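Contents: one structure, followed by commentary.
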Amino acid sequence: MERTANTRVNESVTIVRGRLDTRDPKSECAEVHRNLLRILPRIDSKYFYDDVGSRLFEEITQLSEYYQTRTEETILAEIADKVVGLTGARELVELGSGAGRKIKLLLDAMRGQGCLERCVLLDINETFVRNSAADLADQYPEIEVCGVVGDFLRDLDSVGTGGDRLFVFLAGTIGNLYPRQLPMFFRNVRAALGPNDAFLVGLDLVKDTARLEAAYNDSAGVTAEFNLNALKVLNRRFATAFEIDAFEHVAFYDREQEWIEMRLRALRPTGALLGGVREIRFEAGDEIRTEISRKFTRRSFVDALDGTGLELSAWFTDSESLFASALVRPVLKNYSS
Ligand code: SAH
Ligand code: AVI
């Protein structure tokens, strides 16, 4: 990623950086190594999303097996006016914004109700932040657009302060966080929210295993390419020298954990370099976990919010209950009681 200072792209678009960029590259590399040295080696799913990976995700969203994107779009189209009416939002903040397309349904509703003033897009992929911010500035010339290149687990303070804000976290990306990461993430979101702000979260729901597994084992092989791309990103960024063709894509549903797990399985003995010196070996059949994608029920989502200072305010789903949009609000303490 090219390093540039915070920039004003034109009158209405500003790009800022979260701590991501100032983080010590050595400590990031050490974390990657630690994860590869686990008993079940792991690669953080944020490493899928270089420019190639982000484009592959966009391709995934168009696959017939991947019902999530079109279902969330259907829900958002139906609820956008209601959510804007309920929240009175003047500013929209999207975490993990990617191509930033679906939020136009919400922005249009805000514009229609005459309250749209500002939009902030936060994503780890700089190219996607810049392009989608520029695209929004073109389509909504009357508003201020801010792009934040950052990590939604570390950089929520970079979205700045405001009032009447609607934070959104779409696509089911919340399911890519490990359950032990969730309480801190929700507390950080709570800290960023003002008393009148709200948080709209997209959740992929628990359903039959065949449908879930088909969505992560598409017949065109795009998800496999997306998964293997994480090794290319690590090779480029951390000189790990993975042999890409020595691994195959694996995805299965773990009913107990209620998550899809994506792994890369070694097809033959192979190795990877850690810091140019130490090599880790993989025997045929050894696996690396690259992603979990948790599936929620209303109950498990409410449980996950417990004790974080956030509470469920409204729950919207599609006719088949494939996906849900959960409207979450800060718990406001009643000091008079
Ligand atoms: N919101 C879009 C994209 C979802 S894909 C949609 O609804 O289609 C998930 C997005 O989260 C990707 O754009 C990816 O780059 C981003 N992402 C993944 N991990 C991240 C992290 N730790 N911090 C910030 N963005 C991250
Ligand atoms: C971004 N996220 C919600 C996707 C998911 O379904 O968990 C990422 C993805 N992984 C494989 N296909 C899509």
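Only a predicted model underlies this, so the values are computations on that prediction, with no experimental measurement involved. Residue numbers run from 1 in the order of the sequence given. Order of listing sets the numbers, starting from 1, for every ligand and every atom in it.
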- [ ] Go through F316 and V83 one step at a time and tell me if the side chain to side chain contact (heavy atoms under 4.5 Å, CB included) criterion holds.
- [x] CA-CA 10 Å; F316 307 99; V83 168; 4.0 Å; yes

- [ ] Look at atom 11 (O) of ligand 1 and say which protein heavy atom is nearest, naming residue and atom and giving the distance to 0.1 Å.
- [x] G96 CA, 3.5 Å

TODO: Below 4.0 angstrom from a heavy atom of L170, which ligand 1 atoms are there? Numbered from 1 as shown, please.
DONE: 7 (O)

Task: atom 17 (N) of ligand 1: the protein heavy-atom neighbour that sits closest, reported with distance to 0.1 Å - done: F152 CE2, 3.7 Å

Open item on the list: Side chains of T61 and Y66 only: does a donor on one sit below 3.5 Å from an acceptor on the other?
Closed with: no

TODO: Ignoring hydrogens, just give me the one of N125, D44, D123 whose non-hydrogen atom is nearest atom 15 (O) of ligand 1.
DONE: D123

Task: Heavy-atom nearest neighbour in the protein, as seen from atom 9 (C) of ligand 1, with distance rounded to 0.1 Å - done: T173 OG1, 3.6 Å

Open item on the list: Using ring centroids (six-membered ring only for Trp), state whether F48 and F226 fall under 6.0 Å.
Closed with: yes

- [ ] Just jot down the ligand 1 atoms closer than 4.0 angstrom to any heavy atom of G150, in number order.
- [x] 23 (N), 24 (C)

TODO: Compute whether any side-chain donor of one residue and acceptor of the other, for D135 and Q139, lie under 3.5 angstrom apart.
DONE: yes

TODO: Before giving the answer on side chain to side chain contact (heavy atoms under 4.5 Å, CB included), spell out for T240 and L273 the whole-Å C-alpha distance, their side-chain angles and the decisive distance to 0.1 Å.
DONE: CA-CA 4 Å; T240 39; L273 292 179; 5.6 Å; no

Task: Shortest protein contact, atom 5 (S) of ligand 1 (heavy atom only) - done: F57 CE2, 3.4 Å

TODO: Below 4.0 angstrom from a heavy atom of E94, which ligand 1 atoms are there? Numbered from 1 as shown, please.
DONE: 1 (N)

TODO: Could you label the plane-to-plane angle of the F301 and F186 rings as parallel, tilted or perpendicular, counting under 30° as parallel and over 60° as perpendicular?
DONE: perpendicular

- [ ] Answer side chain, backbone, both or neither: which part of S45 comes under 4.0 Å from ligand 1, heavy atoms only.
- [x] neither

Task: atom 22 (N) of ligand 1: the protein heavy-atom neighbour that sits closest, reported with distance to 0.1 Å - done: D151 OD1, 2.9 Å

- [ ] Tell me which one of K102, Q181, E72 gets a heavy atom nearest to atom 6 (C) of ligand 1.
- [x] K102

Task: Stacked cation flag R55 on Y49, 6.0 angstrom / 45 deg - done: no

- [ ] Taking the six-membered ring of Y67 (Phe, Tyr or Trp), confirm whether the NZ or CZ of R211 is under 6.0 Å from its centre and within 45° of its axis.
- [x] yes

Open item on the list: Using 30° and 60° as the class boundaries, would you call the ring planes of F242 and F282 parallel, tilted or perpendicular?
Closed with: tilted

Open item on the list: Return the closest protein heavy atom for atom 14 (C) of ligand 1 as residue, atom name and distance.
Closed with: Y49 CG, 3.4 Å

Open item on the list: Could you check whether F152 and F169 have their ring centres less than 6.0 Å apart?
Closed with: yes

Task: Minimum-distance protein heavy atom relative to atom 25 (N) of ligand 1 - done: I124 N, 3.3 Å

- [ ] Let me see the working for R298 and L312 under side chain to side chain contact (heavy atoms under 4.5 Å, CB included), right down to the final yes or no.
- [x] CA-CA 9 Å; R298 183 176 171 141; L312 183 65; 3.8 Å; yes

- [ ] Evaluate side chain to side chain contact (heavy atoms under 4.5 Å, CB included) for Q181 paired with L153, printing each intermediate quantity in order.
- [x] CA-CA 9 Å; Q181 294 178 305; L153 292 174; 3.7 Å; yes

Open item on the list: At less than 4.0 angstrom from any atom of ligand 2, which residues have a non-hydrogen atom? List them by chain and residue number.
Closed with: Y49, F57, I60, Y66, A171, G172, T173, N176, Y216, T223, F226, M262, E291, S293

